[in-house]
2 protein chains.
Amino acid sequence: MFSNSSKYAIKAVLYLSLHSNSTRKIMAKDIAQPINVPPAYIAKLLQELVRTDLVSSVRGPKGGFFMSKENNNQKVIDVLNVIDGEKKFTGCLLSLEACNEEKPCPLHNILSTSRQHMIKVLNEHSIADLALAVKNGKAYLPL
Amino acid sequence: MFSNSSKYAIKAVLYLSLHSNSTRKIMAKDIAQPINVPPAYIAKLLQELVRTDLVSSVRGPKGGFFMSKENNNQKVIDVLNVIDGEKKFTGCLLSLEACNEEKPCPLHNILSTSRQHMIKVLNEHSIADLALAVKNGKAYLPL
DNA sequence: GAAATAATATGATAAAAATCATATTTAGGA
DNA sequence: TCCTAAATATGATTTTTATCATATTATTTC
């Protein structure tokens with residue numbers, strides 16, 4: 001459904017949302033272990049997330065990654081769009097160039113509703129929302 | 001969302017549903033062109049679909065691929081399961097081993113409904129249903 | 001301002017998915 | 001029975017994705 005990269009990115013951003021802030025930064029290697037992602041890989045993903053303003057960072061000693069208030073308010077779909085690209089959600093389900101609402105492909109026809117709903121939900125929930133669910137014991141991050 | 005292979009498989013199966021039957025078989029290369037998929041690739045995919053009883057075939061002269069009545073009644077999700085595997089739909093959205101309904105991951109939490117709906121729809125519609133929509137002008141297969 | 005630390009940029013390698021190629025088997029027709 | 005046509009099995013190649021490694025740059029602290 002989502003690529004490994006996207007899953008890793010979501011996990012990293014969630015971890016940062018739960019454990020970091022502007023005065024409490026976390027190094028790439030210290031994020032990698034708890035979310036079970038290769039350190040070098042998560043480092044590369046984090047760089048991309050920093051470039052696109054989804055995560056904040058400071059170099060040098062006492063530096064690291066963290067989530068600012070603005071970062072926390074970004075929507076879940078923003079992370080997915082940066083890593084997997086928008087077409088993943090908006091593109092035709094059969095990759096037909098000429099597929100659209102007026103002339104939908106057969107899959108579009110039957111899946112359009114649930115897909116729209118999916119996009120809506122990802123658009124409505126911020127990273128902070130997901131983190132809050134974890135804090136409240138309504139969602140979990142095991143292993 | 002779906003892999004190229006899955007998209008190709010759906011397109012091939014739809015094409016066969018619309019243009020073939022037990023007395024009108026179609027060769028791999030004659031399927032490849034209209035659905036815009038590499039001939040050798042679609043041939044390989046068709047073999048897998050035949051092995052799993054989603055498509056029928058006859059070798060030799062006058063042979064080819066076709067959809068039997070049973071083939072046409074298979075559900076869309078069956079094709080996707082064969083090509084992409086079931087985990088694509090049932091697996092945790094963050095690939096967490098211990099994620100489940102009782103202890104859902106944050107993504108599971110917000111996407112579960114639309115995902116369930118998606119699976120339901122794919123389970124309810126047969127290949128024939130999709131083909132019918134095309135015949136009735138309710139769905140299209142451009143390019 | 002020098003030393004140490006941590007992100008950044010860049011590129012190399014490995015694994016998986018997609019694509020291509022071909023020898024083998026089966027079925028039909030002369 | 002022999003030739004041809006078509007699927008099948010198998011494997012090679014290419015492309016993409018995932019993973020690993022390292023030299024460079026920025027920042028803090030002494």
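We name chains A, B, ... by the order of the sequence lines, and we start the count at 1 in each one. A quick note: this is a predicted structure, and the numbers were derived from the prediction, not measured.
Distance from the side chain of A/Ala40 is smallest for D/dA21 among the nucleotides D/dA9, C/dA7, D/dA21. Relative to the side chain of A/Pro61, the nucleotides D/dT28, D/dC20, D/dT4 differ in distance, and D/dT28 lies closest.
Rounded to an integer number of Å, the gap from A/Ile42 CD1 to D/dC20 C1' is 14 Å. Rounded to whole angstrom, the span from the NZ atom of B/Lys87 across to the P atom of C/dA16 amounts to 12 Å. Computed from coordinates, the B/Leu46 CG to D/dA9 C1' distance equals 15 Å when rounded to whole Å. Spacing between atom NZ of A/Lys29 and atom C1' of C/dA6 amounts to 9 Å, rounded to whole angstrom units. Remark: P of C/dG28 and NZ of B/Lys25 are 8 Å apart, rounded to the nearest angstrom. Put simply, NZ on B/Lys88 is 11 Å from C1' on C/dA17, counting in whole angstrom units. As a whole-Å value, the separation of A/Leu49 CG from C/dA7 P is 14 Å. Straight-line distance from the NZ atom of B/Lys62 to the P atom of D/dA6: 8 Å, rounded to whole Å.
Looking only at distances, a side-chain donor or acceptor of A/Asn71 sits under 3.5 Å from a matching main-chain atom of A/Ser68.
If you take OH on B/Tyr15 and CD on B/Gln33, they are separated by 8.5 Å, rounding to the nearest 0.5 Å. Note that CE of A/Met1 is 11.0 Å distant from CG of A/Leu80, once rounded to the nearest 0.5 Å.
Residue B/Ala43 is out of contact with every strand shown, counting any heavy-atom pair closer than 4.0 Å.
Between A/Tyr8 and A/Ile35, the closest side-chain pair of non-hydrogen atoms is not below 4.5 Å. Considering only heavy atoms from C-beta on, B/Leu46 comes within 4.5 Å of B/Leu16 through its side chain.
Taking only distance into account, the side chain of B/Arg59 meets the base of C/dT25 through a donor-acceptor pair shorter than 3.5 Å.
A donor and an acceptor atom, one from each side chain of B/Ser17 and B/Asn72, are located under 3.5 Å apart.
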Problem - Protein-to-nucleotide contact annotation, 5' to 3' order, nucleotides 12-18 of chain D [B base; S sugar-phosphate only; - none; under 4.0 Å, heavy atom] - result: B-----S

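The residue among B/Val58 and A/Ile26 whose nearest nucleotide of DNA chain C lies closer to the 5′ end is A/Ile26.
Within 6.0 Å of CD on B/Glu124 lie more than 12 heavy atoms contributed by other residues, nucleotides or ligands.
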